[in-house]
Amino acid sequence: MINLTLPDGQIKQYNKPVTGEFVAEDIGSGLAKAALAIKVDGLMKDLSFIIEKDCNLSIVTAKDDDALDLLRHDAAHVMAQAVQELFPETQVTIGPSIENGYYYDFAREKPFSTDDFDAIEEKMMSIVDRDLKFIREVWSRDRAIKFFNDKGEVYKAELIEAIPMNEDVTIYKQGEWTDLCRGPHLPSTGKLGKNFKLMKLAGAYWRGDSNNEMLQRIYGTAWADKKQLKNYLTMLEEAEKRDHRRLGREMDLFHIQEEAPGAAFWHPKGWKLYRTVQDYIRKKLEIAGYHEVNTPQLVNKSLWEDSGHWDKFREAMFVTETEDKSLAIKPMNCPCHVQIFRQGTKSYRDLPLRMAEFGSCHRNEPSGSLHGLMRVRAFTQDDAHIFCTEDQITEETKNFCDLLMSVYKDFGFEEIIIKFSDRPEMRAGSNDTWDKAEQALTDAVDAAGYKYDLNPGEGAFYGPKLEFVLRDAIGRDWQCGTLQVDFVLPERLDAVYIGEDGKKHRPVMLHRAILGSFERFIGILIENYSGRFPFWLAPLQIIVATITDEVIPYAEKVLSQLKFQGLAASADFRNEKINYKIREHSAAKVPIIMVLGLREAEEETVAMRRLGGKNQEILALTSAIAKLKSESEFP
RNA sequence: GCCGUUGUAACUCAGUUGGCAGAGUAUCUGAUUCGUAAUCAGAAAGUCGGAGGUUCGAUUCCUCUCAACGGCACCA
């Protein structure tokens, strides 16, 4: 007797093995029609899967999120079949579902072109129309390897050889087309529907290894219905409109040019924004007990050799030779901070010592990785190092997490994910040290009461780290903050303090940043707010716009009073219609336009119009200024 | 760094099958003094990313190179 527990708690009993399809039919013909797959003890299986023992069973229909995953995986298969029907000389490799869609990597001598997309999509449609059944078969390894080798599919054969001996080699057929695949799949290609679209073409290394040959990847998106597809495409358009590179130019914030790849030229408004962010952080750090320092840009390579960075990162360091010395432009600040720590004798009474620097760093990032402000070669971190005892790690971690959360909240980010990255393969320090560091960080983050996901093997070479990921207004994730526990660098650079016992001890270093780099964080802010910054952040807060030349004297007075209060105000006294001015400054996303005409001049008032608002607010000049002044305070 | 694509006025883009380089927006000048998202008229604006080559002639064809874009890889 086989007992199947359904999601509602109901138990179905059968006296012999049954397929998912059979159970669905047994529950109801409507469900049978909608059924796409089943979940056996939480694992997705084909509808045709034969259930042989007791389990929790649920029937997956188009309503389930999981179904979307299957659908995308099917789309990858259908695309691969379409490509091979059109271009028989193409070899297939792998094609998984991913967020919002899927891709498939192909090997073919002649590159695909986006001009091929129409033909491929059309062929995919026809495969959907053929409504081919996905048929699962288990083959012997030898048979599978021979089959694919005979077809000239050497990549597939290589994949099969890599499958562990104890695992089945499963093959899926759709009509005449055969692929190695773990599955599961929808019942047939017809279930895929036609709500897919090929998106982009890209190179991708075989098995993700840059030593291997490069394959051609085609990305597609696929959805359960037309509306979802349309929403997704609209969202992409939205994202493009708020691209920080585009807004940076349109709003005159910064530019990047050929002569300085990976480095920003900050324009007055962009630099004002930058300074506002920096002033805000500086204030937060001061309150939190940090001491700001500043350290040299050029540091002899010997320091980087001692710290271990030279070994691992010398390729990415800019080095200059002078008088037989090799000086490296600093790629990070920690070794310099240790030098400050080492000046004079430190006592346990000095700990925890929180040393902060708006550290300007340069890294020779690979040319292909540069991306607007998000990935640059010249950047400034909101960096700090906390020198403390092992006992203080927990408290310092908690304080830091709290500080970081409050900062993110002030910038309008509510949803934060924490990742815990443990020891990487390439690392400094003994396993004992790593055990200790990982344990200390685990204890600290647990004690601080924050939840986290494990991110195995992604730690820094000198210690484990917490990574803080924030989600922006349109649902994209950005990793910004970090906290790293480091027992290695104090040892390598010989940092010591005198303990209560009068003996020398090693401090622990906590490397931490909240924003990460100002450049990148500002890029994220631009995109998150779509350029419509909250009043306190806006680099240009107020435009004073006149209706006729007659009121210029009054407008001058308003402007100077605003400026006197430290508000970022600017004048528009041009001989233009008020409609024209409002249109222009609204498009420039200035939060407030003050319209001044004869009436306002006479009554000492201002007509205030807020960005996005339809109505104006008439206020006495003095109260308008007081109100705006308080709105422009840091949150 | 690797694969693919792109580079024409400040911006967005058209164009030249090798023969004087085009539009809209922005800019400048003049007129207009106007009450909440585009007033009218005129002018100026380009080493067609850079360097070589082929050609009577190259922005167009070829080679090299730089940068950007989309991915991959990398990211202390």
Side-chain angles (χ1 to χ4, degrees), chain A residues 103 105 111-115 199-219 243 245-246 249-250 252 255-262 304 307-317 330-335 361 363-372 374-377 381 383 424 426-428 458-463 465 479 482 484 486 489 511 513 516-517 520 545-552 573-588 593-600 607-616:
Chain A
Y103 66 78
D105 286 347
F112 291 110
S113 141
T114 45
D115 296 340
M199 301 300 286
K200 49 198 173 194
L201 209 51
Y205 296 109
W206 167 235
R207 304 193 130 186
D209 185 337
S210 58
N211 296 314
N212 290 342
E213 59 273 36
M214 186 152 272
L215 306 172
Q216 294 182 59
R217 177 172 296 180
I218 300 178
Y219 283 94
D243 187 305
R245 293 164 299 189
R246 174 182 178 148
R249 186 181 58 243
E250 286 175 3
D252 197 16
H255 83 270
I256 294 173
Q257 71 185 47
E258 264 190 50
E259 288 77 2
W304 308 107
S307 72
H309 291 98
W310 188 258
D311 255 2
K312 197 163 171 1
F313 293 112
R314 86 186 107 190
E315 293 289 302
M317 287 165 74
K330 72 172 168 183
M332 54 179 346
N333 311 298
C334 24
C361 299
R363 294 178 186 173
N364 196 3
E365 303 284 5
S367 56
S369 69
L370 302 179
H371 179 98
M374 300 306 189
R375 187 81 181 265
V376 285
R377 288 187 175 143
Q381 296 173 307
D383 198 11
M426 286 274 286
R427 58 180 181 261
E458 295 294 320
F461 76 89
Y462 48 73
K465 59 185 179 183
Q479 187 184 310
T482 181
Q484 305 166 8
D486 181 3
L489 214 54
H511 305 243
S517 94
R520 182 159 176 277
T546 50
I547 292 173
T548 86
D549 287 354
E550 285 175 79
V551 296
I552 288 179
F573 298 166
R574 291 174 303 173
N575 174 15
E576 291 291 350
K577 289 189 171 174
I578 196 65
N579 280 328
Y580 181 88
K581 295 186 183 182
I582 285 171
R583 180 184 151 79
E584 191 173 284
H585 300 298
S586 298
I593 302 173
M594 280 189 179
V595 176
L596 302 183
L598 288 171
R599 209 150 58 220
E600 286 75 20
M608 243 168 51
R609 179 196 166 103
R610 284 180 195 263
L611 182 59
K614 283 266 171 268
N615 303 324
Q616 54 175 339

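No experiment lies behind these values; they were computed from the predicted model shown. Letters A, B, ... mirror the listed sequences (proteins, then strands); counts begin at 1.
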Look at all strands and tell whether A/Ile578 reaches a base, only sugar-phosphate, or nothing, counting heavy atoms closer than 4.0 Å. sugar-phosphate
Once you apply a heavy-atom cut-off of 4.0 Å, does A/Ala202 come out as touching a base, just sugar-phosphate, or nothing? base
OP1 or OP2 of B/U12 less than 4.0 angstrom from a side-chain nitrogen or oxygen of A/Arg249, does that happen here? yes
What's the shortest heavy-atom distance between A/Phe112 and A/Ile218, and which atoms? CD1-CD1, 4.2 Å
5' precedence on RNA chain B between A/Asp209 and A/Gly612 (nearest-nucleotide basis): A/Gly612
From A/Ser367, A/Cys361, A/Pro366, residue fulfilling side-chain contact (heavy atoms from CB on, under 4.5 Å) relative to A/Arg377: A/Ser367
At under 4.0 Å between heavy atoms, what does A/Thr548 touch on the DNA or RNA strands: base, sugar-phosphate, or nothing? base
Has A/Tyr580 got its ring stacked on B/A37, by the test of a centre gap below 5.5 Å and a plane angle below 30°? no
If we only count heavy atoms from C-beta on, is the A/Glu600 to A/Val551 side-chain gap below 4.5 Å? no
Do A/Ile593 and A/Lys581 have side chains that get closer than 4.5 Å, going by heavy atoms? no
Atom-pair distance (CZ on A/Arg574; C1' on B/C28), nearest Å: 13 Å
Can you check whether any acceptor in the base of B/G71 is under 3.5 Å from a donor in the side chain of A/Tyr205, or vice versa? no
In whole angstrom, give me the gap between the P atoms of B/C2 and B/A58. 32 Å
Could you let me know what B/U25 is paired to, Watson-Crick or G-U wobble, both distances under 3.5 Å, or none if it's on its own? B/A10
Which of these nucleotides, B/G70, B/A73, B/U39, is closest to any side-chain atom of A/Glu576? B/U39
Min side-chain heavy-atom separation A/Leu370-A/Glu365 under 4.5 Å: yes
Using the C1' atom in both, what is the distance from B/C62 to B/C74, to the nearest Å? 35 Å
Could you tell me how far apart A/Ile547 (CD1) and B/U39 (C1') are, to the nearest whole angstrom? 16 Å
When you get a sec, tell me which of B/C11, B/A73, B/A76 is the closest nucleotide to the side chain of A/Pro366? B/A73
When you compare B/A44 with B/A38, how far apart are their C1' atoms, in angstrom units rounded to a whole number? 22 Å
Hunt down the Watson-Crick or G-U wobble partner of B/A45, both distances under 3.5 Å, from any strand shown, or write none. none
Identify whether any heavy atom of A/Asp549 sits under 4.0 Å from a base atom; if not, whether one sits that close to sugar-phosphate; answer base, sugar-phosphate or nothing. base
The side chain of A/Arg609 is closest to which nucleotide in this list: B/U36, B/C75, B/C72? B/U36
Please report the distance, rounded to the nearest Å, between NE2 in A/His255 and C1' in B/A67. 13 Å
Are A/Arg245 and B/C69 close enough that a side-chain N or O sits under 4.0 Å from OP1 or OP2? yes
Can you tell me which nucleotide in B/A67, B/A76, B/G35 comes closest to the side chain of A/Gln484? B/A76
Pairwise side-chain contact, A/His309 with A/Tyr462, heavy-atom cut-off 4.5 Å (strictly under): yes
Would you indicate what A/Gly208 reaches in the nucleic acid, counting non-hydrogen atoms under 4.0 angstrom: base, sugar-phosphate, or nothing? sugar-phosphate
Whole angstrom value for the distance that separates C1' of B/A76 from CZ of A/Phe461: 6 Å
Winner on side-chain proximity to A/Arg375, out of B/C74, B/A76, B/C72, is B/C74
Scanning all shown strands, the Watson-Crick or wobble mate of B/C34 with both distances under 3.5 Å is none
State the pairing partner of B/G1; accept Watson-Crick or G-U wobble contacts with both distances under 3.5 Å, and report none otherwise. B/C72
Just N and O in the side chain of A/His371: are any of them under 4.0 Å from OP1 or OP2 of B/G71? no
Please state how far atom CD in A/Gln216 lies from atom C1' in B/U5, giving the value in whole angstrom units. 13 Å
Rounded distance in Å between the P positions of B/U27 and B/A14: 24 Å
Any A/Lys200 side-chain N or O less than 4.0 Å from OP1/OP2 of B/G71: yes
Phosphate OP1/OP2 of B/U36 contacted by A/Asn579 side-chain N/O (<4.0 Å): no
Could you state the atom-to-atom distance from CG of A/Leu370 to P of B/A67 in whole Å? 9 Å
Of A/Arg583 and A/Ala260, the one whose closest nucleotide on RNA chain B sits nearer the 5' end is A/Arg583
What's the gap between B/U63 and B/A9 when it is taken at their P atoms, as a whole Å value? 24 Å
Please measure how far the P atom in B/G52 lies from the corresponding atom in B/U6, and state the result in whole Å. 24 Å
For B/G19, give the paired nucleotide (Watson-Crick: N1-N3 plus N6-O4 or O6-N4; G-U: N1-O2 and O6-N3; both under 3.5 Å), or none. B/C56
Determine the Euclidean distance between corresponding P atoms of B/A73 and B/U65; express it in Å to zero decimal places. 25 Å
How long is the line joining CE of A/Met374 and P of B/C75, in whole Å? 20 Å
Rounded to whole angstroms, how far apart are CG on A/Asp105 and C1' on B/C2? 14 Å
Of the nucleotides B/G70, B/C66, B/A68, which one has an atom closest to the side chain of A/Glu258? B/C66
At 4.0 Å (heavy atoms only), tell me whether A/Tyr462 reaches a base, stays on the sugar-phosphate, or touches nothing. sugar-phosphate
For the pair A/Asp209 and A/Arg207, find out whether any cationic side-chain nitrogen is under 4.0 Å from an anionic carboxylate oxygen. no
Is the phosphate of B/C72, meaning OP1 or OP2, less than 4.0 Å from a side-chain N or O of A/Tyr219? yes
Could you state the interatomic distance from CG (A/Leu201) to CD (A/Gln216), rounded to the nearest 0.5 Å? 6.5 Å
So with a 6.0 Å cut-off around CD of A/Glu315, is the heavy-atom count from everything else above 12? no
When rounded to the nearest 0.5 angstrom, what distance separates CD1 in A/Ile582 from NE2 in A/His585? 9.0 Å
Just checking A/Ala607: base, sugar-phosphate only, or nothing, at a heavy-atom cut-off of under 4.0 Å? base
Taking atom types as they are modelled, would you say the side chain of A/Gln257 forms a donor-acceptor pair with the base of B/G49 within the 3.5 Å cutoff? no
Taking any heavy-atom pair under 4.0 Å as a contact, classify A/Glu600: base, sugar-phosphate, or nothing. base
What interatomic distance, in whole Å, is found between P of B/A67 and the corresponding atom of B/A31? 49 Å
So A/Gly372, base contact, sugar-phosphate only, or nothing? Heavy-atom distance under 4.0 Å. sugar-phosphate
Nucleotide nearest A/Met214 (side chain, heavy atoms from C-beta), chosen from B/U36, B/G71, B/G35: B/G71
What I want to check is whether an N or O donor and acceptor connect the side chain of A/Arg246 with the base of B/C11 at under 3.5 Å. no
Which part of the nucleic acid does A/Pro331 contact within heavy-atom distance under 4.0 Å: base, sugar-phosphate only, or nothing? base
